Amino acid sequence: DAGITQSPRHKVTETGTPVTLRCHQTENHRYMYWYRQDPGHGLRLIHYSYGVKDTDKGEVSDGYSVSRSKTEDFLLTLESATSSQTSVYFCAINNSPNQPQHFGDGTRLSIL
Amino acid sequence: GENVEQHPSTLSVQEGDSAVIKCTYSDSASNYFPWYKQELGKRPQLIIDIRSNVGEKKDQRIAVTLNKTAKHFSLHITETQPEDSAVYFCAASTVNAGNMLTFGGGTRLMVKP
């Protein structure tokens with residue numbers, strides 16, 4: 001399996017609190033992605049990064065921000081969590097677009 | 001942007017039978033089509049992919065076909081086994097969207113022993 005570690009694996013928090021999820025990779029891949037997975041919607045892209053400090057929005061970016069200060073780390077932040085952001089969040093990596101993406105184990109986030 | 005539709009949403013087959021999952025996409029510029037398998041509580045894992053310059057690709061019991069004219073692609077699993085039971089996702093990548101993947105909604109495949 002690709003060297004991708006997501007933390008935390010599970011989190012329960014309250015509406016209005018800030019939340020940060022971390023994706024750490026040991027593959028030195030250039031591209032990193034954050035997806036959310038909800039029943040019936042498959043995987044939807046939140047934000048992605050194509051290099052250190054280079055990020056862009058995906059399909060469902062509202063309410064989320066990201067940062068990438070090092071090649072190996074990609075952080076996803078919910079500034080003020082809402083119940084609609086309860087989901088499973090997956091990080092993925094690859095070395096260039098149109099190459100296979102490899103996924104982490106996911107973070108299950110519940111916002112009460 | 002790209003839109004990917006996947007059918008059926010659930011599929012139940014008897015062990016040993018074949019299973020076919022179909023996806024359609026909207027952007028004719030899409031050029032990369034991966035398929036992922038996700039077991040319950042696990043990460044999605046790539047099982048096969050195809051590029052737009054190829055019409056068919058096979059890997060043991062799994063095959064993918066692509067019809068660019070009709071803008072659809074399909075996953076074929078032959079001689080299904082209980083361990084094939086999982087959720088399968090198709091995806092499409094288009095240069096018009098920065099080569100980002102758009103996923104279908106998923107198909108839950110159940111293989112009955």
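Numbered from 1 within each chain, the chains take letters A, B, ... in sequence-line order. Small disclaimer: the values here were computed from a predicted structure and weren't measured.
In this structure, Leu101(B) CG and Asn94(A) CG are separated by 8.0 Å, a value rounded to the nearest 0.5 Å. Rounded to the nearest 0.5 Å, atoms CG (Asp56(A)) and CE (Met100(B)) are 8.5 Å apart. Separating the CG atom in Leu46(B) from the CD atom in Gln99(A) is a distance of 10.5 Å, to the nearest 0.5 Å.
The environment of Glu79(B) atom CD is sparse: at most 12 non-hydrogen atoms of other residues, nucleotides or ligands sit within 6.0 angstrom. Counting non-hydrogen atoms of other residues, nucleotides and ligands closer than 6.0 Å to CG of Leu112(A) gives a total above 12. In this structure, Glu14(A) places its CD atom where only 12 or fewer heavy-atom neighbours from other residues, nucleotides or ligands lie under 6.0 Å away. Counted within 6.0 Å of CD on Glu83(B), heavy atoms from surrounding residues, nucleotides or ligands total more than 12; the atom is thus considered enclosed.
Looking at every heavy atom in both residues, Phe90(A) comes nearest to Gln38(B) through CZ-NE2, 3.4 Å.
Two different hydrophobic clusters hold Val87(B) and Val20(B) under the rule that ILVMFWY side chains link at heavy-atom gaps under 4.5 Å. In the hydrophobic clustering of ILVMFWY residues, with side-chain heavy atoms under 4.5 Å counting as a link, Leu75(B) and Leu11(B) come out together. One hydrophobic cluster, built from ILVMFWY side chains closer than 4.5 Å, cannot hold both Tyr32(B) and Tyr88(B); they sit in different ones. Leu66(B) and Phe89(B) fall into different hydrophobic clusters, defined by Ile, Leu, Val, Met, Phe, Trp and Tyr side-chain heavy atoms under 4.5 Å apart, directly or through other members.
Using a 4.5 Å cut-off between heavy atoms, Pro44(B) touches chain A through backbone and side chain atoms alike. Neither the backbone nor the side chain of Phe33(B) comes within contact range of chain A; no heavy atoms are under 4.5 Å apart. Of the atoms belonging to Tyr50(A), not a single heavy atom falls under 4.5 Å from chain B. For Leu43(A), the parts sitting under 4.5 Å from any heavy atom of chain B are the backbone and the side chain alike.
Annotation: maximal heavy-atom pairing with chain B below 4.5 Å, among Arg44(A), His41(A), Gln37(A), occurs at Gln37(A). Of the listed residues (Pro34(B), Gly105(B), Gly106(B)), the one with the most heavy-atom contacts under 4.5 Å to chain A is Gly105(B).
When atom types are taken as modelled, the side chain of Arg51(B) and the backbone of Asn98(A) share a donor-acceptor pair closer than 3.5 angstrom.
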